[in-house]
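Per chain, numbering begins at 1; letters A, B, ... match sequence-line order.
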Amino acid sequence: MLDVSKIRSQFPILSRKVNGQNLVYFDNGATTQKPQIVIDAESKYYANQNSNVHRGVHFLSGLATDKFEESRNTIQNFIGAKHKHEIIFTKGTTDSINLVASGFKTFLNKGDEIIISEQEHHSNIVPWQICCEQSGSNLKVIPILDNGEMDMDFFYNLLSENTKLVAVSHISNALGTINNVEKIIEKSHSVGAKVLIDGAQAASHISLNMQKLDADFYCFSAHKMFGPTGVGILYGKEDILNALPPYQSGGEMIKEVSFSGTTYADLPHKFEAGTPNISGVVAFKSAIDFISNLEVNKIAKYEEELLQYATSELLKIEGVRIYGTSKKKSAIISFNLEGLHPYDIGMIVDKMGIAIRTGHHCAQPIMERFNIPGTVRISLAVYNTKEEIDLCINAIKKAKIMLS
Amino acid sequence: MLDVSKIRSQFPILSRKVNGQNLVYFDNGATTQKPQIVIDAESKYYANQNSNVHRGVHFLSGLATDKFEESRNTIQNFIGAKHKHEIIFTKGTTDSINLVASGFKTFLNKGDEIIISEQEHHSNIVPWQICCEQSGSNLKVIPILDNGEMDMDFFYNLLSENTKLVAVSHISNALGTINNVEKIIEKSHSVGAKVLIDGAQAASHISLNMQKLDADFYCFSAHKMFGPTGVGILYGKEDILNALPPYQSGGEMIKEVSFSGTTYADLPHKFEAGTPNISGVVAFKSAIDFISNLEVNKIAKYEEELLQYATSELLKIEGVRIYGTSKKKSAIISFNLEGLHPYDIGMIVDKMGIAIRTGHHCAQPIMERFNIPGTVRISLAVYNTKEEIDLCINAIKKAKIMLS
Amino acid sequence: MHTIKEIQKEIIEDFAMFEDWIQKYEYLIDLGKELAPIDQKYKISENLIKGCQSRVWLHAEYAEGKIIYTADSDAIMTKGIVAILINVLSGQNPSEIATAKLDFINEIGLKEQLSPTRANGLVSMIKQMKLYAIAFSKQQ
Amino acid sequence: MHTIKEIQKEIIEDFAMFEDWIQKYEYLIDLGKELAPIDQKYKISENLIKGCQSRVWLHAEYAEGKIIYTADSDAIMTKGIVAILINVLSGQNPSEIATAKLDFINEIGLKEQLSPTRANGLVSMIKQMKLYAIAFSKQQ
Ligand SMILES: Cc1ncc(COP(=O)(O)O)c(C=O)c1O
Ligand SMILES: Cc1ncc(COP(=O)(O)O)c(C=O)c1O
């Protein structure tokens with residue numbers, strides 16, 4: 001069992017007040033809070049280890065490089081990647097997806113197809129729209145069912161030898177659906193298509209093993225898993241990353257530069273142009289250590305408990321409609337109250353110290369799908385409690401009374 | 001006069017030991033060290049203010065957004081930009097230049113020309129090589145003279161109505177030359193070309209005013225000016241930024257997303273896809289405050305004093321050759337000792353606690369120009385002292401004896 | 001007709017009576033509910049001011065030296081604030097509107113809702129109201 | 001001829017005598033200077049191992065069941081380390097080289113110079129020496 005009060009004590013922000021109330025932070029899908037060890041890792045880096053990485057001969061440069069590469073090792077182990085150089089440091093999930101989309105278009109011909117789903121975050125839609133536009137390929141969309149799951153039969157029918165890439169989320173940030181990515185990967189590979197998984201909402205909630213999962217690309221953000229902002233991961237299989245053209249250029253991604261021609265460095269440097277977010281990468285290791293110490297499976301189990309509790313309490317409020325009701329769900333609850341605008345609910349519960357997100361969650365096609373302007377979203381993390389859920393439910397009830 | 005010992009006391013890393021000696025950090029061109037207020041700003045952000053920015057209704061989201069936008073204001077004032085939305089947050093100088101190069105290629109036709117100089121950092125070379133390759137334009141190169149200055153007459157002759165962009169550094173990171181960017185901008189504009197200035201080495205050493213300078217783009221990195229890693233700035237004039245197509249896509253850079261078409265947000269969000277490096281951006285403000293409190297002009301004056309001293313002491317060592325001897329120089333000294341490899345010198349002085357950089361400094365064309373494998377580079381910052389220079393000179397002498 | 005300044009003063013006095021945020025929010029909700037409806041034919045996309053979350057429709061008419069604003073929003077709290085802004089500016093003459101300082105916003109504790117970083121479209125709405133005023137004042 | 005293990009032991013003993021880094025570096029510099037020169041015809045780009053800063057040329061020859069390595073570097077400190085590696089591995093048989101554990105590197109305090117993150121090409125050089133050994137052992 002997890003000792004949640006001990007976990008909470010590691011997050012300094014959780015003891016702050018908001019509008020005179022204890023903060024209840026339920027906006028974890030947007031970004032999580034940070035434990036003290038992550039905060040300390042950044043401070044310590046700057047106070048004791050800071051230097052630019054990779055090319056320096058001097059002691060600090062070596063130290064910073066070792067710390068930086070230690071993070072890469074840690075992440076490799078955390079996601080079960082085969083090679084260390086399959087881990088590329090980016091700015092975030094959005095950056096990772098853009099990197100792939102920008103390179104992948106050079107593999108595409110007119111008439112080729114990319115498949116995404118109706119459930120995707122804008123960051124896993126727009127890069128593919130642009131990629132298709134620039135390569136003359138077609139974008140195909142897997143619709144979602146009323147319960148928030150992808151229509152898998154529709155997907156199987158979409159798949160063909162024209163399919164070159166399937167890009168879908170592991171967990172929907174707007175609905176919480178845990179998608180059957182194993183099946184999607186298997187079926188996609190059977191027609192020879194590559195698969196990119198947007199794991200932004202999954203990476204600290206589901207235990208990952210790239211070698212088993214067999215995804216060709218997997219993307220996630222440190223800031224959604226107790227790590228710093230400005231750090232993301234692109235995992236890619238070695239051979240595909242080798243085939244992909246470089247994305248940004250300059251700095252460390254170069255082997256030789258001259259005006260008659262430039263050659264590029266090997267993986268992972270080929271995709272890491274410019275001075276990286278060194279302090280962020282170094283501190284990300286502490287976030288992974290934090291997660292590994294708790295164990296992802298135990299986190300998932302506790303979050304499942306919170307999800308069940310919050311869902312059943314919420315459904316006791318008359319007029320609540322939850323969007324996303326699939327059996328396999330992450331601890332994300334998107335809902336509306338009949339006749340009320342999500343923005344109004346968010347404004348009022350905020351005054352009671354409760355941080356929930358309202359709006360379209362950067363997933364406008366889903367809002368269109370359900371014909372709503374947005375939803376109220378509760379997204380839970382391992383430091384949340386049933387008591388907090390009670391406070392939130394009461395606040396929502398209060399909002400409902402005020403607004404009705 | 002600056003109180004240097006007081007300044008030093010603000011940088012915790014400066015009191016650490018390296019190989020049993022007091023650290024002498026002379027690798028400021030690669031990255032600077034961070035004052036306590038910058039370190040504290042990041043910690044405080046995570047311990048008290050952390051949330052995702054821009055779209056949240058709740059208190060913390062508003063607070064984080066306000067802090068984030070306050071940094072944008074501070075930077076606008078610091079560089080004298082006309083509009084706040086002319087400040088785009090990127091990952092670093094390399095990211096900023098890639099953003100422009102990627103978009104600018106859509107403005108170019110076969111036969112158009114881009115001009116750079118022989119002195120540029122790889123990050124201001126390779127993106128333009130790719131940009132030209134993809135647009136069928138030609139890359140022209142301003143050679144440098146023996147003293148490290150650009151050959152301005154050559155430049156004037158290169159300029160023509162085919163010139164669409166001139167991209168040059170404000171200060172050369174490998175030679176220290178302060179380039180006459182005012183003249184370059186004036187002349188380029190007179191043929192209708194746009195100008196991008198790579199200000200990575202200039203932004204905390206020269207006082208900037210975008211409205212006076214009249215550059216079309218100006219790029220720099222926070223980590224080279226006492227700020228955090230993973231944060232860069234792209235300044236661009238409003239009308240050009242509006243004309244430039246978006247770079248990365250997803251997240252906040254969108255107005256409306258649907259499968260029938262996507263429209264983009266206004267400046268600056270159009271260029272800020274995905275969750276930004278929020279803690280870094282927030283802490284960058286403290287770095288700018290640190291610089292502003294000292295005053296850029298006073299910093300420049302003190303650094304000039306250090307430069308003169310270090311140069312004259314260095315030249316007392318027999319066999320020293322300095323690369324970059326123009327009259328207007330920043331506090332960067334690149335040199336070699338006759339018959340010795342820079343790597344060997346770096347290895348030995350490191351053992352005496354002195355951090356200097358050796359190698360090609362990501363400016364291989366300059367090394368080719370002077371037909372050398374690399375140089376030893378001393379790059380000074382406001383917290384350095386003459387005593388440290390003495391220690392460094394002694395260490396170099398010692399290395400010379402050991403290696404000869 | 002009161003001046004913009006006078007109306008602001010009244011509003012500040014009204015808000016001073018509230019003891020807590022609940023009373024204030026309830027008042028805004030009431031104002032929102034009572035806001036004179038916008039003519040349906042003006043509730044079109046040309047008149048839409050998009051915040052990220054709540055939408056505001058704004059229409060302006062100019063007659064006898066004065067501007068009459070009507071508006072709507074899909075969120076009731078936003079609508080309440082819209083109602084206050086209309087209360088302050090509607091019926092005034094263009095040059096007064098164009099130069100009006102809306103100090104009351106700070107004093108009644110709505111500063112946050114009306115900060116440029118908020119996603120409710122209200123800042124754009126004020127901008128739009130003033131733009132109308134500048135346009136109409138040129139017709140004077 | 002000593003075994004790889006024996007030679008490593010000797011080197012560790014040599015280094016144990018040094019009192020400080022200066023003596024150690026001076027020794028490396030001497031080793032660098034004394035390294036038997038590589039035949040000029042092998043100092044070609046095919047034999048070049050590029051670190052970022054110092055370059056290493058490596059040549060391997062196979063005769064009578066043993067590999068003879070010759071090498072050079074443009075940096076003298078690198079060349080000193082190269083000399084030690086050649087001392088350990090040159091003249092041994094391919095399968096010994098391919099499976100050799102180079103423990104001595106840690107013990108003589110050169111771990112840092114031989115870490116994969118360093119920019120001196122030495123790690124690639126060791127890799128290349130072992131690759132030769134694997135290739136030649138297939139000819140056996
Ligand atoms: C002149 C110059 N341009 C560009 C860069 C690249 O900056 P960054 O690595 O922060 O992207 C540097 C940094 O080394 C530089 O000195
Ligand atoms: C499913 C999903 N994909 C992508 C993203 C974008 O991540 P980031 O903003 O860190 O680039 C998010 C974050 O909101 C997400 O939830």
Checklist entry - Are any of the side-chain heavy atoms of Glu368(B) and Val257(A) separated by less than 4.5 Å? => result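 Counting from C-beta outward, Glu368(B) and Val257(A) never come under 4.5 Å.
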Next on the checklist: For Lys140(A), give me all partners under side chain to side chain contact (heavy atoms under 4.5 Å, CB included), at least two apart in sequence or on another chain.
Outcome noted: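 Lys140(A) satisfies side chain to side chain contact (heavy atoms under 4.5 Å, CB included) with Glu113(A), Ile115(A), Asn138(A), Leu158(A) only.
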Please flag which part of [X] lies under 4.5 Å from any non-hydrogen atom of chain B: side chain, backbone, both or neither.
{"X": "Phe11(A)", "value": "neither"}
{"X": "Phe26(A)", "value": "neither"}
{"X": "Gln129(A)", "value": "side chain"}

Next on the checklist: For the interface with chain B, which of Cys362(A), Ser51(A), Ala47(A) has the highest count of heavy-atom pairs at distances below 4.5 Å?
Outcome noted: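 Counting heavy-atom pairs under 4.5 Å, the top option is Ala47(A).
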Checklist entry - Among His223(A), Gln49(A), His121(A), Glu133(A), which residue forms the greatest number of heavy-atom pairs with chain B at distances under 4.5 Å? => result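 Most pairs with chain B among the choices: His223(A).
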So for [X], is it side chain, backbone, both, or neither that comes closer than 4.5 Å to the heavy atoms of chain A?
{"X": "Asn50(B)", "value": "both"}
{"X": "Asn19(B)", "value": "side chain"}
{"X": "Gln36(B)", "value": "neither"}

Item to check | Partner of His58(B) by side-chain contact (heavy atoms from CB on, under 4.5 Å), out of Val24(A), Asp350(A), Leu23(A) | outcome: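 The single option meeting the side-chain contact (heavy atoms from CB on, under 4.5 Å) with His58(B) is Asp350(A).
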Checklist entry - Closest approach of Gly346(A) and Val57(B), non-hydrogen atoms and distance? => result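 Where Gly346(A) meets Val57(B) most closely, the heavy atoms are C-CG1, 3.8 Å.
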Checklist entry - Which atoms form the tightest heavy-atom contact between Leu63(A) and Arg16(B), and what is the distance? => result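 Scanning both residues, the minimum pair turns out to be CD2-NH1, 3.7 Å.
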Checklist entry - Residue by residue, which of residues 95-103 of chain B have a heavy atom closer than 4.5 Å to a heavy atom belonging to chain A? => result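 Near chain A, by residue number: Asp95(B), Asn98(B).
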